Every structure is written in structure tokens, then in C-alpha cells.
Number of protein chains: 2
Amino acid sequence: MSLYEGGEMARAKRTTKEKLLDAAEKLFARKGYHGTSLRQITREAGVDLALVNYHFGGKEKLFEAVLDRRGAMLNEERLRRLEEVCRAAAPRPAATEAVVGAFFDPILDFLEHAGPGWHSYFSLLAWVNNSPQWGKRLMGKTFNATVKRFIEALMDSLPKAAPEDIYWGYNFLTGALTLSLAETGRLDVLSGGLCRSVDVAALRARLGPFVAAGLRGLAQRGG
Amino acid sequence: MSLYEGGEMARAKRTTKEKLLDAAEKLFARKGYHGTSLRQITREAGVDLALVNYHFGGKEKLFEAVLDRRGAMLNEERLRRLEEVCRAAAPRPAATEAVVGAFFDPILDFLEHAGPGWHSYFSLLAWVNNSPQWGKRLMGKTFNATVKRFIEALMDSLPKAAPEDIYWGYNFLTGALTLSLAETGRLDVLSGGLCRSVDVAALRARLGPFVAAGLRGLAQRGG
DNA sequence: GTCTATAGCTTGATAGAC
DNA sequence: GTCTATCAAGCTATAGAC
């Protein structure tokens, strides 16, 4: 199973657990946790209603399992690339652009080369990240350890910046990223069709430069 | 009624309609549309369940009324400030920093000087903006006309930038803004308490510089 | 592991008295 | 405008047959 096929095997070979995860991922991404019922999920998965409780132990556990599945893969790939750019730059710290790239590129690569499951997953992640109900606990559980490594690397790359500036900068960075991943179609409407929410190449060309320049601007704030 | 008290009068003087809007705003912001029931809303408002249908015609209409109420005030204030900075700079175009300030400052002023209703409203807005279900239609209905004016002003301020860069830049800008408004508390956890999600002064000092630098970086992309 | 059947509860909406 | 009472539908979860 290649990196980019993670969790998206041919229909015939998927286990019941995977069918449920795939269906839940798709529907939770569209309508949120409370807006999706187990009946809709099991219908989409072609599986009996009672099997959610057998395999996962309830709706909320299923929700967390959906977030965990690809979150672990994302963390692995991000850390691999962070280590790569740090090693390439040693003994100097990696440049801001390189650190930011190690954070964004795994997502963009999954979106460009993998199946629709990753699109749903990232859209769901955007929703969770902006949710007062889920954001703090669920994002933290999956991503805090990795994010702290990236924040350290950003601080190393911008030694003149105050730590507060880097924390706020990370907040802006992840906000810009997650809205882009939500694929709401709003960008399409505003631009009259000139830009498309799902155009990963266009996003890749602009997100890194915007964020790196923004972080540098923060680091030189006032001086 | 001063600008900053909009919709938040003394408890005794509020009409039933306003009580319902205030309660719905607070609860929708915390748990989303599907996560909030009309029974919770009417209990919080101290009002009978049946009155939602009498005054608004259903749950979804109530939801849209919540978004409309303060959205109109926000648009007015944003356009007033945009005109101000454009007039001050004429005949040259207003600077990127000034346009971005006219877009952010009304929100930051409402958060700093007005009651908790505005916090709930902006938190709800963050959620709606990142929702595939609601984002395109509801954000567009309330904000498209105003946003188009700001995008034009941004294009004028950065004549070397391609229109696509400005549209994507606006997307990043609003993502950074809305995650900050969601007040999920995640920033507090990541920074070990050094930064606080609800610290409007800290946000004000950093959001404008980050975004303006990001937009300039986009405009000079590759060259 | 899977499926049937159902318990126990909450939901949004409304008819009709006042 | 307000309130009581209620309806039909949908919800999560589970006990128990296979």
C-alpha cells in the first residue's frame, strides 16, 4: 500500500471498519458531527446500523477514530520533512520558508496525489479547528506534539522574533491553511470563477509565500 | 443606543425577539446549528418554545436572523472606514496596511468595547465561514458586496499583483482572522499560557502586520 | 461479526385556548 | 403575543437470535 493510498483500498477489500470510517469521514466533513446521523453513515457505508457500536463503541468514538486515522500519517510525513530541511541547513537553522514548506507540503501532496478521502479529512479538520466545541481537545490530542516541533523550528529561523509573535503567527498560519482546506466554494464565487477552491496547484504557489512573508513581517514588527 | 451597544440592551427592555436572538447567538456559537436545539434556546431566553415559530418561522430562519443582525452593522462600519482611508490617501490609492486596518479594526473595536454578544457573533461567524454546508451561501449573502469593495481597494494598493493573488490573499486573510475570532483556546494551550485567545490587544498588534506583509509577499512572488 | 427488533428519548413544528 | 399539549419523525444505543 503506497503512501498516497492510505486507507483508500479497492471497494471489495475494505473491511467493515474501513467502510464505516470512509463514510463517516465524508459525511462528517459535509455536515459536521451533530448534523450527521449514524443512520446516514451506515446507509452510505452499506453496513448495518448496530455495527457502529460493535466496532467503535458509539458515535463520538467513531468521530475520534476518523480524525486519528489520517492524523497519524500526516504527523509522520510532516516530521520526516522537517527533519530533512533541518539536516540540509545544519549547522544553521532551517529557513522560515523551508519550515513552512515542511508543514504545508505533505497536505498539498496528499490532496494532489491521493483519493477523495483526504479531501474530506482535511475539510473536516478545518471545521474541527474552528470549532469552540472540539478545537482545543481534538486538535491538541492529535497534533500538539508535532506542532510544538514546528514552532521551535520557526523560532530558530526567526531569532529576532518574540515567542508571542511566533505563537500568534502559527495561529494565523493555521487559520489561512484550514480555510483553504475547507473547500467551501466561497473563493470561486468572490472571484467570479477566476480562482477555484479545489485548485491545489494555485494554493501551493501562494500559501507558502504569503505565510513566510507574514511571519517575517511579524518578526520585524515596529522596527 | 451607542454603536457599541448594538443589540445588547438592558434585560428588562429586550423584546421577545431580541431575547431569542441573543440566546440563539450564544448557543449556536458554542455548539453549531445542529448541535443546538430550540428547547435549549428558548430555555436560555426564558421564553416559550412555540414563540420561535411565531416570530421567526422556524429554526433555520432564526439562524439566518442571528447572522443578519450584526452583519449589517459590521458592513456599515467597515465601509465607513474604507471610505475614510481612501479619501485620506486620495488621489493616490490607500496603502495596503490602511485597507487591511479598515477591514479588521471594526471587529477588534467591537470585541474590545462592546458586550459578550459580539464575541459570540464573531465566534459563530468563524464557524460558518469554515463550514462547507453554510459558508458559501450565508457568508456571501451578508458580506459579498462589502468584500468586493475591499478586494478592489487591495488591488489598487498593490498594482503589481495579479488578481488571482489578491483573491487567494483575501482567502488567507479571512482564514487567519476567523480562526482568531473562534476563541477555541487552542493558542493558550500551545503557548503554555503565554498567549491568550481572548487577548484582543495582542491580536490587534499582530494580525494587521502579518496580513499586510503576507499580501506584499504575494505581490512580489517569484520576482 | 452480522442483523432484527425495539427501547427510551429528543427533535422541530403546530393546533387551538386564552 | 403567549402558552399548553401533543404529534410524527428521527435519534443513539442495546438485547438477543443467528
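Every chain is numbered from 1 and lettered A, B, ... according to where its sequence line falls, protein lines coming before strand lines. Nothing here was measured: the structure is a model prediction, and the numbers come from that model.
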Separation of atom NZ in A/Lys19 from atom P in C/dG1, rounded to whole Å:
13 Å

Using a 4.0 Å heavy-atom cut-off, does B/Thr36 contact any base of the nucleic acid, only the sugar-phosphate backbone, or nothing at all?
sugar-phosphate

Carboxylate-amine/guanidinium contact A/Asp188 B/Lys136, below 4.0 Å
no

Under 4.0 Å, counting only non-hydrogen atoms across every strand here, what does B/Leu38 touch: a base, just sugar-phosphate, or nothing?
sugar-phosphate

Could you state the NZ-P distance from A/Lys17 to C/dT2, rounded to the nearest angstrom?
11 Å

In whole Å, I'd like the distance from the CG atom of A/Asn53 to the C1' atom of C/dG1.
14 Å

Test: A/Arg69 and A/Glu18 ion pair at under 4.0 Å
no

Could you tell me which non-hydrogen atom of A/Leu190 sits nearest to which non-hydrogen atom of B/Tyr167, and how far apart they are?
O-CE2, 3.6 Å

Quick one: is D/dC11 close enough that its OP1 or OP2 comes under 4.0 Å of any side-chain N or O from A/His34?
no

Which listed nucleotide (D/dT2, D/dA13, C/dT2) is nearest to the side chain of B/Tyr54?
D/dT2

Whole-Å distance between C/dG12 P and B/Phe63 CZ?
13 Å

Quick check for you: among C/dT2, D/dA13, D/dG1, whose closest atom lies nearest to any side-chain atom of A/Leu49?
D/dA13

Rounded to the nearest angstrom, tell me the gap between atom CD in B/Gln40 and atom C1' in C/dG12.
13 Å

What is the distance, rounded to the nearest whole Å, between atom CG of B/Leu51 and atom P of C/dG12?
15 Å

What's the CG-P distance between B/Leu20 and D/dC3, to the nearest Å?
11 Å

Side chain of B/Ser37 only, please: which of D/dC3, C/dG12, C/dC3 is the nearest?
C/dG12

Give the nucleotide from the list C/dT2, C/dA13, C/dA15 with an atom nearest to the side chain of B/Ala50.
C/dA15

Report the distance from atom CG of B/Leu62 to atom C1' of C/dA13, rounded to the nearest whole Å.
14 Å

For B/Gln40, is the CD atom crowded, meaning more than 12 foreign heavy atoms sit under 6.0 Å from it?
yes

Nucleotide nearest B/Arg39 (side chain, heavy atoms from C-beta), chosen from C/dG1, D/dT14, D/dT6
D/dT6

Looking only at D/dC3, D/dG1, C/dT2, the nucleotide nearest the B/Asp48 side chain is D/dC3

Partner of B/Met139 by side-chain contact (heavy atoms from CB on, under 4.5 Å), out of B/Thr178, B/Leu67, B/Leu125, B/Asn144:
B/Leu125

Within less than 4.0 Å of OP1 or OP2 of D/dT2, is there a side-chain N or O belonging to B/Thr16?
yes

